[in-house]
Every structure is written in C-alpha cells, then in structure tokens.
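Remarks on the structure that follows.
The basis for the numbers below is simple: all heavy atoms, side chains too, and nothing from hydrogens, waters or symmetry mates.
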Amino acid sequence: MASSAPASVRVRFAPSPTGHLHVGGARTALFNWLFARHHRGTFILRIEDTDRSRSTEEHIGAILDALRWLGLDWDEGPPAPGYRQTERLDLYRDHAERLRAAGRAYYCDCPPELLEAQRKAAEARKETFRYSGRCRDRGLTAGALRLRIPDEGLTVVHDLINGPVAFDHRQLDDWILLRSDGTPTYNFCVVVDDVTMRISHVIRGNDHLSNTPKQILCYEALGYAPPEFAHVSMILGPDRHRLSKRHGATAVEAFRDQGVLPEAMVNYLARLGWSHGDQEIFTREELVALFDIKDVSPSAAVFDHTKLLWLSQEYLKRMDGPTLAERLEPYLARAGLAVPGDRAWLGRVADTLKERAHTLTEMIEAGRFYFERPTRYDPAAAQKLFTGESAARLDRLIRRLEALPEFTAPALEALFREQAAALGVKLVDLAQPIRLAVTGRTASPPLFEVLALLGREETLARLRAARAALEARR
RNA sequence: GGCCCCAUCGUCUAGAGGCCCAGGACACGGCCCUCUCAAGGCUGAAACACGGGUUCGAAUCCCGUUGGGGCCA
C-alpha cells in the first residue's frame with residue numbers, strides 16, 4: 001500500500017510569513033501534525049521567507065502564536081537557527097553548483113523579451129509554453145541557471161490523496177533554479193530544503209500539485225529519492241472561489257479573537273476534508289489515533305462558519321466551570337470588564353451561560369449583567385412590563401427578598417411560585433419584569449440562578465433602581 | 001489558451017458493484033419540554049451534475065460533456 005509509512009516519518013509545515021496564518025494553512029499544518037503524531041514521527045516547522053520584500057518578523061510571530069494556540073507543537077524549527085530559508089542560502093547555491101557541475105543544469109542568457117515573444121507564440125499556437133532550450137549547449141558561465149528536463153517521457157506523481165497523476169515531459173520546461181542575480185527560485189528552495197531536512201512525506205496544498213513533477217525531476221537530478229506526496233484540497237468560500245479576505249474572517253487569530261475555542265477549531269478543520277464514518281466530535285487523542293492520510297478527500301471544501309460555531313458551542317457545553325473561568329478571563333479584560341477575584345464564582349456564572357453562547361465573547365455579551373449593572377432597560381420590554389401593577393408587586397417582592405432566610409436558587413424559585421399563586425398570575429408574568437429589572441433584558445439564564453449568583457445585596461439594589469426608574473416613567 | 005485536479009442534500013460528509021427508492025452532522029421548518037432565551041427530545045423538507053457505455057445489477061468502474069478549482073502567470 002502506498003500509504004504505509006516508513007520507519008521514520010518526518011513532515012514539515014512551511015508557511016511564508018507574508019501574512020497571517022490562514023485557515024487553509026492551518027488545516028495543512030494540522031494534517032501534517034496529525035500524520036506525524038499518528039506515526040510517532042517528527043513535525044518540522046520551516047519559514048519560507050525568501051520573498052524578503054513581503055516577509056516580516058511580525059508575521060512570523062503571529063504564525064507561531066496561531067500554531068501554539070491550536071496546540072500544534074513542532075519538534076524542530078524556530079526559534080532554533082537554520083529553519084528559515086534566508087539562513088540557508090549557501091545550501092541552495094551548493095546544490096545548484098552540484099547540478100551545474102554534473103551537467104544537469106546550465107546557464108541561460110535569453111533576454112526576457114525573447115522569452116516573452118516565445119510565450120506569446122506558443123499561446124497563439126494553443127500550446128503550453130516551454131523554454132526552447134536555446135542555451136542548453138552553449139556552455140555559458142553566467143545567467144539564470146536552468147534544470148535540464150528530458151524531452152520525452154512521463155513523470156508520475158504517486159499522490160497519497162489523488163492517486164497517480166501523470167505529467168508528460170513535453171508539458172514541462174527547463175525551469176529556472178537560480179535567477180540571473182543568483183537568488184534561488186521557490187521550487188528549488190523547497191526541493192533542497194526537503195532533501196536536506198530528510199522529509200519523508202510532503203503534505204501540502206493542492207496548488208502545488210502542478211509543480212511536483214518539476215520537483216521530482218530535480219530530486220532525481222540531485223541523486224535523491226523523492227519523498228511521498230499528499231496534496232490536500234483547497235478551502236473555498238461560499239461562492240466556491242478560493243477562500244480569501246473578502247469572504248470575511250480567514251485568519252486563525254481572528255477566530256481566536258472571536259472567542260472560538262481552539263479545540264473546536266482543530267476539530268472543525270480536521271473534519272473539513274477528512275472523516276471517520278459518521279463521527280463529528282473528536283478529542284485530540286482520537287484524531288491522532290484515527291487520522292489516516294488516505295481518508296482525506298481530494299475534493300475542495302467550502303468553509304462553513306456556522307458549523308464551526310456549533311462545534312465551538314459543543315466544546316463550551318462540555319467544559320467545566322473552573323476551566324471556562326480560566327479561558328474567560330483574558331476575554332473579560334479585553335471587553336473592558338473587571339476580572340472577578342472569585343474564580344469559583346466566575347465558574348458558576350460561566351455554567352449558566354455556556355449553553356447560550358457559541359464563543360467566549362458571546363458568553364460575555366450574554367452575561368454582561370453579571371459584571372455590571374444594567375445601564376438601561378430594553379425600551380419595548382420596559383413599556384410592556386414596567387406597569388403600575390408591577391410597582392406594587394416589586395415593593396412586595398423586595399420586602400420578601402429582604403426576609404428570605406436562604407438566598408439560593410431553590411428558595412428563590414419557591415418564593416416566586418408562591419407569590420405567583422397568591423396573585424393568581426403565571427410565573428412568567430412575575431419573572432419577566434424582575435428579569436428586566438436585574439439584567440436589563442428579556443432573555444437571560446434561569447432567573448433564580450441569576451439572582452442567587454448576584455446575591456441578595458446586589459439583587460435588591462437592582463430591584464430598587466428599577467423601582468425608581470419605574471416611578472420616573474409615570 | 002495549454003496542462004492538472006475535483007464533482008452525493010444549501011454546507012461538511014458516509015458510501016470502496018447488490019446492505020442505498022442513499023445514512024449522519026450543520027443550517028432551515030414543525031411539535032414537545034419550559035420562568036425568558038437557550039439547551040435537549042421527537043419529527044419534516046432536502047442530494048448521487050448530465051449523456052453514453054461495462055455488468056444480471058452502478059452513487060460506486062470506463063469514456064465524453066458540463067461546471068468549479070489550480071498551475072503556467
């Protein structure tokens with residue numbers, strides 16, 4: 001079987017630090033990581049920063065942060081030296097020289113205008129443009145260095161996801177290894193890096209499949225056996241075009257800022273293109289145990305934000321209070337709210353909120369009233385619920401609450417039910433005005449739990465404030 | 001334009017010739033539960049792109065068309 005892994009699995013994720021970590025890149029990283037962990041291999045992080053004009057330190061930092069947030073730890077890579085292409089320039093030069101000395105590569109001084117004319121001519125003839133080979137035997141000692149590609153034959157990529165893909169050499173041209181200024185090209189760097197890092201499996205985006213035969217020919221010219229390849233499909237936007245910023249949030253850190261749980265992000269990304277029967281929710285351990293590159297689908301997938309949010313809520317619901325409290329704290333601070341000193345209390349608050357929110361930030365919005373008094377009451381609701389009748393009821397309730405021996409949810413519920421019965425109204429008619437008074441809204445976690453968590457003093461303060469507001473309306 | 005990849009409900013997918021007049025999940029509708037909102041339970045609608053083959057039999061294999069994506073740029 002082509003998918004059986006060799007003794008030593010070494011895979012890499014090689015982002016270009018020209019932007020943030022994209023969900024597509026994150027999924028590629030995840031698949032590499034899962035493959036490495038499943039086979040007890042090595043996961044390597046390499047920074048492809050040869051495009052100096054667009055690569056920045058900030059982007060490198062952001063990408064590393066995003067990977068850490070997802071829990072994708074790497075065994076080799078930054079901050080250790082030698083994992084950035086800009087640190088490896090000598091390696092590319094050495095390998096290029098080897099190819100030249102062996103006659104597998106040659107210098108070419110064809111001017112751009114000539115190449116452009118040939119490209120246009122090829123297009124007019126409805127053929128693939130292919131370098132003419134004009135400089136192949138001219139014995140030049142300077143210019144761009146090209147790899148000599150056999151005129152005839154076929155190179156077959158035995159892709160672990162897509163199966164065998166054959167490329168006719170007549171469609172391939174003598175591609176450039178080093179530009180005339182001596183800088184290496186992207187495809188050449190990748191080959192040299194993967195060879196020198198002893199990469200066993202190249203798992204990368206489908207957009208590189210077309211480059212693979214060129215690279216395989218380069219491995220062979222260098223005298224190395226090519227690695228295994230697995231090309232993962234693209235992630236698309238709702239319009240079935242390649243996912244990009246105009247589709248909204250695509251950077252991993254944007255989801256982090258939204259308060260999506262990283263566990264959910266990993267689970268979602270794993271299920272995008274990979275599946276294991278009907279199972280939707282996987283622990284990290286299950287993913288490592290079950291992941292098999294041959295179960296990855298070759299077809300492109302549309303990114304579904306809604307399903308990601310659903311998963312995030314699933315993880316929220318399963319998380320216990322103390323853990324949630326810890327996760328919530330940085331988001332509270334960012335929302336401009338004081339982080340409560342009592343973490344146990346915050347945990348109980350979170351428990352009432354978690355099935356009402358998809359993300360940590362939604363949780364904070366839904367539970368804002370726990371942390372600060374309502375600054376206003378929902379106007380339509382106030383119109384309907386703050387009536388002359390409710391003023392009298394409020395007074396009565398305030399007195400009863402002052403006297404309630406135990407300020408707990410069950411005791412509060414018993415009191416409210418008793419009051420409703422005495423007044424001959426439904427519980428909802430009593431609960432809603434109080435909910436509005438205490439939270440400023442008509443929807444909240446169960447009222448009695450809310451009151452108990454707020455405590456007697458705070459509850460009474462809010463009820464009195466509502467009573468005053470009610471008076472002012474008249 | 002050439003070459004390459006892809007094609008099951010709106011979306012993610014199960015399906016590796018008979019188990020499928022196609023299963024699960026998200027989203028959507030209905031009902032139940034209920035102090036609100038959720039969550040939950042039950043339930044409904046919803047797909048094998050099209051056309052040819054191969055075969056006793058095809059969502060599954062082959063060819064073509066169409067559509068989408070990628071690379072060359």
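- Counting non-hydrogen atoms under 4.0 angstrom, A:Glu280 reaches a base of the nucleic acid.
- Take A:Leu423 and apply the side-chain contact (heavy atoms from CB on, under 4.5 Å) test, not counting sequence neighbours, and it matches A:Arg393, A:Val425, A:Leu430.
- For the segment residues 419-430 of chain A, residues with any heavy atom less than 4.0 angstrom from an atom of RNA chain B are, sorted by number, A:Leu427, A:Val428.
- For A:Phe371, the side-chain contact (heavy atoms from CB on, under 4.5 Å) partners at least two apart in sequence or on another chain are A:Leu332, A:Leu337, A:Pro340, A:Trp345, A:Leu346, A:Val349.
- Remark: A:Arg464 engages A:Glu402 in a salt bridge, criterion side-chain N to carboxylate O under 4.0 Å.
- Looking at heavy-atom distances under 4.0 Å, A:Arg240 makes contact with sugar-phosphate atoms alone, never a base.
- Remark: A:Tyr377 pairs with A:Phe386 by the ring-ring contact (aromatic ring centres under 6.0 Å, His included) rule, at least two apart or across chains.
- RNA chain B lies under 4.0 Å from at least one heavy atom of each of the following residues of residues 303-324 of chain A: A:Asp304, A:Thr306, A:Lys307, A:Trp310, A:Gln313, A:Glu314, A:Lys317.
- If you walk RNA chain B from 5' to 3' and mark each nucleotide with an atom closer than 4.0 Å to a heavy atom of chain A, the marks span B:G1 to B:A73.
- Against RNA chain B, the stretch residues 353-370 of chain A makes heavy-atom approaches under 4.0 Å through A:Glu355, A:Arg356.
- A salt bridge links A:Lys354 to A:Asp351: one of the charged nitrogens lies within less than 4.0 Å of a carboxylate oxygen.
- In terms of the side-chain contact (heavy atoms from CB on, under 4.5 Å) criterion, residue partners of A:Ala96 (sequence neighbours excluded) are, by chain and number, A:Leu145, A:Leu178, A:Phe188.
- The ring-ring contact (aromatic ring centres under 6.0 Å, His included) check on A:His38 picks up nothing, with sequence neighbours excluded.
- Residue A:Arg242 is classed as a sugar-phosphate contact, given heavy-atom separations below 4.0 Å to backbone atoms only.
- In this structure, A:Ser444 reaches the bases: a heavy-atom distance under 4.0 Å links it to at least one base atom across the strands shown.
- Partners of A:His305 by ring-ring contact (aromatic ring centres under 6.0 Å, His included), not counting sequence neighbours, listed by chain and number: A:Phe255.
- Pair check for B:C31 finds B:G41; Watson-Crick or G-U wobble, both atom distances under 3.5 Å.
- Contact annotation for A:Arg441: no contact, since no heavy-atom pair falls under 4.0 Å across all strands.
- Where A:Thr128 and A:Leu236 each meet RNA chain B at their nearest nucleotide, the meeting point lying more 5' is that of A:Thr128.
- A:Arg37 is linked by a side-chain contact (heavy atoms from CB on, under 4.5 Å) to A:Trp33, A:Phe43, A:Asp73, A:Asp75, A:Val288, counting only residues two or more places apart in sequence or in another chain.
- Remark: A:Phe282 pairs with A:Trp274 by the ring-ring contact (aromatic ring centres under 6.0 Å, His included) rule, at least two apart or across chains.
- Contact annotation for A:Thr442: base contact, defined as any heavy-atom pair under 4.0 Å involving a base atom.
- Nucleic acid contact class of A:Leu272 (heavy atoms, under 4.0 Å, all strands): sugar-phosphate only.
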